[in-house]
Amino acid sequence: MSKENRAEAIASMQQYFERNLPEPIGELPAGLLLDFFLTEVGPLLYNQGVRDAATRMTQRIEDLEGELNEDAFTYWVKQKSKRR
């Protein structure tokens, strides 16, 4: 995670605490909480993203013939359309 993204995530967490919980959270505790969630829950989200990407790629590969198929013997058909 870039420094900018980390700072933005911490600021967002602080804002969430201010608006939704009785006590605000400081920058250091928010950073520690972020580290905890990234370590504890991050792999679940990453793995789900990998599974989603694999599913999408499998779907695309299964339809590869449909996606990339080129019809054969179209020379004369193309020639007729060029002459018109």
Side-chain angles (χ1 to χ4, degrees):
M1 177 180 286
S2 71
K3 286 183 181 182
E4 294 82 15
N5 286 343
R6 181 177 173 76
E8 200 169 324
I10 289 171
S12 180
M13 290 173 65
Q14 288 178 297
Q15 183 176 1
Y16 179 86
F17 269 73
E18 287 175 16
R19 290 185 181 189
N20 297 294
L21 298 170
E23 302 241 353
I25 188 171
E27 189 174 330
L28 179 61
L32 293 172
L33 188 58
L34 177 61
D35 289 341
F36 170 77
F37 282 124
L38 290 174
T39 301
E40 197 69 11
V41 181
L44 291 173
L45 301 173
Y46 175 82
N47 292 338
Q48 184 61 53
V50 170
R51 280 191 299 276
D52 291 347
T55 298
R56 180 71 174 132
M57 290 299 295
T58 299
Q59 290 170 345
R60 297 295 298 236
I61 289 169
E62 287 174 353
D63 192 33
L64 194 58
E65 237 180 85
E67 288 282 325
L68 302 176
N69 186 53
E70 287 290 330
D71 294 330
F73 304 107
T74 60
Y75 177 83
W76 296 112
V77 174
K78 291 177 184 177
Q79 290 302 313
K80 284 182 184 178
S81 65
K82 283 184 181 178
R83 290 185 180 170
R84 288 184 181 169

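Numbers here simply count residues along the sequence, with the first being 1. Heavy-atom basis, side chains included; hydrogens, waters and symmetry copies ignored.
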Using modelled atom types only, decide if a donor and an acceptor are shared between the side chain of [X] and the backbone of [Y] within a distance under 3.5 Å.
X     : Y     : value
Thr55 : Arg51 : yes
Gln14 : Ile25 : yes
Thr74 : Val77 : no

Distance from [X] atom [atom1] to [Y] atom [atom2], nearest 0.5 Å?
X     : Y     : atom1 : atom2 : result
Thr39 : Leu34 : OG1   : CG    : 9.0 Å
Glu18 : Gln15 : CD    : CD    : 7.0 Å
Gln59 : Glu62 : CD    : CD    : 7.5 Å
Leu33 : Leu38 : CG    : CG    : 9.5 Å

Are [Y] and [X] linked, directly or through intermediate hydrophobic residues, by side-chain heavy-atom contacts shorter than 4.5 Å (ILVMFWY only)?
X     : Y     : answer
Met13 : Leu21 : yes
Ile10 : Leu28 : no
Tyr16 : Val41 : yes

Does any part of the side chain of Asp35, heavy atoms only, come nearer than 4.5 Å to the side chain of Met1, both counted from C-beta? no

Using a 6.0 Å cut-off, check whether atom CD of Glu65 has over 12 heavy atoms from anything other than its own residue. no

